[in-house]
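Only a predicted model underlies this, so the values are computations on that prediction, with no experimental measurement involved. Read the numbers this way: they start at 1 and go in the same order the structure lists the ligands and their atoms.
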Amino acid sequence: METGAPKRRENKKSLRVKVISLGNAEVGKSCIIKRYCEKRFVPKYLATIGIDYGVTKVQVRDREIKVNIFDMAGHPFFYEVRNEFYKDSQGVLLVYDVGLRESFDALDSWLGEMKQEMGSQANMDSIVFVVCANKVDLTKRRVVDEGEGRLWAESRGFHYFETSAQSGEGINEMFQAFFSSITDMCENGGKRPVSEVSVGFTKEQADTIRRIRNSKDSWDMLGVKPGATREEVNKAYRKLAVLLHPDKCVAPGSEDAFKAVVNARTSLLKNIK
Ligand SMILES: Nc1nc2c(ncn2[C@@H]2O[C@H](COP(=O)(O)OP(=O)(O)OP(=O)(O)O)[C@@H](O)[C@H]2O)c(=O)[nH]1
């Protein structure tokens, strides 16, 4: 029943959160954090020695968030120093350089290192992950495209942002989404809200697109042995077409993968009696 009395606005308690940055050396972790906190870009490379630590305050809706940022050194040499700092993180920035494929391929091993160091405490559902495809300003040297990066991130329920610490592109949007998701998670009893993890496509679709992108020839793309019969090629094609048809699959890169599969089938059938 409405009493007519003015409602007292609840003053929500401030939150204290811990976030860490991960990724190979020189991908731009420190610069991304500096760009956001200090609004500047440092062109000269100064390797992080072990860990850099900083604190910043942000406002998310009606809550003040105190953020403790642990910027981890990417160089393998500092493993012994950074392994102490994985525990109790609510947020992880996973950074790679779009011009260095090995820095993208290394994301899985960064997750692996994190899981290993968190040990039995590892509950990845209680951590918000943001993938930063960094250095997008250097367009000419780009080797990992948006579809590939987004697919890797979103198939794991992670956010994906294209960023440039140099120009500032994507940096504020990325941090706003990051802190807002961490706040949602804390208000949701420490579990990542379900909407964040449901991305509208399956892991099978994501893995298939990745496999197609990395296939060495048309046989490999359709997943059949060289010398397979027309029936085998058609059967494999039909299975992939159902999985990846653009009407059914919204995963990033599905349209290109579907076209590639159609072309692979056409070129194989031309040469099979
Ligand atoms: N063009 C361009 N250069 C960048 C960008 N971000 C970082 N850099 C440069 O890349 C180099 C490495 O940047 P850092 O932020 O120190 O890299 P890091 O990932 O923190 O490296 P470690 O501390 O060794 O782990 C520096 O020379 C930066 O100026 C970017 O978005 N665009």
At what distance is the nearest protein heavy atom to atom 23 (O) of ligand 1, and which residue and atom is it? T48 OG1, 2.6 Å
Please report the shortest heavy-atom distance between K135 and V27, naming the atom on each side. CE-O, 3.5 Å
Do the numbers put K34 on top of the ring of F41, so that NZ or CZ is under 6.0 Å from the six-membered ring centre and no more than 45° off the axis? no
For F129 and F158, take the angle between the two ring planes, folded into 0 to 90°, and tell me which bin it lands in: parallel under 30, tilted 30 to 60, perpendicular over 60. parallel
Do me a favour and list the nearest non-hydrogen protein atom to atom 21 (O) of ligand 1 with residue, atom name and distance? E26 N, 2.9 Å
Closest heavy-atom approach to atom 29 (O) of ligand 1 among V42, I51, N24 is made by V42
What protein heavy atom sits nearest atom 16 (O) of ligand 1, and how far off is it? Y45 CD1, 3.4 Å
What atoms of ligand 1 come within less than 4.0 Å of a heavy atom belonging to A73? 25 (O)
Tell me which protein heavy atom sits closest to atom 3 (N) of ligand 1, plus the residue, atom name and distance to 0.1 Å. F41 CZ, 3.7 Å
Hey, is P43 one of the residues with a heavy atom under 4.0 angstrom from ligand 1? yes
Specify side chain, backbone, both or neither for V27, according to which of its non-hydrogen atoms lie closer than 4.0 Å to ligand 1. both
Are D137 and S167 close enough that a side-chain donor and a side-chain acceptor fall under 3.5 Å? no
Classify the angle between the aromatic ring planes of F70 and F85 as parallel (below 30°), tilted (30 to 60°) or perpendicular (above 60°). tilted
Identify the closest protein heavy atom to atom 15 (O) of ligand 1: which residue and atom is it, and at what distance? C31 N, 2.8 Å
Checking a contact table here: which protein heavy atom is nearest atom 1 (N) of ligand 1, and how many Å away? D137 OD2, 2.9 Å
E113-Y79 side chain donor-acceptor pair, cut-off 3.5 Å: no
Nearest heavy atom to atom 9 (C) of ligand 1, choosing from Q166, K135, K29, belongs to K135
Is the NZ or CZ atom of R150 positioned over W152's six-membered ring, under 6.0 angstrom from the centre and within 45° of the axis? no
After noting the C-alpha distance and the side-chain angles of H245 and F258, does the key distance pass the ring pair (Phe, Tyr, Trp, His ring centres under 6.0 Å) rule? CA-CA 6 Å; H245 194 283; F258 180 72; 5.0 Å; yes
Only heavy atoms of S30, strictly under 4.0 Å: list the atoms of ligand 1 that pass. 15 (O), 20 (O)
Quick check: closest heavy atoms across H159 and S181, and the distance to 0.1 Å? NE2-OG, 2.9 Å
N/O separation below 3.5 Å, A47 to ligand 1: no
Pairing donors with acceptors under 3.5 angstrom, does anything connect the side chains of E232 and Y237? no
Taking only heavy atoms of L138, which atoms of ligand 1 are found under 4.0 Å from at least one of them? 1 (N)
Which option out of A165, G99, G28 puts a heavy atom nearest to atom 31 (O) of ligand 1? A165
Numbered atoms of ligand 1 (with element) below 4.0 Å of N134, judged on heavy atoms: 5 (C), 6 (N), 31 (O)
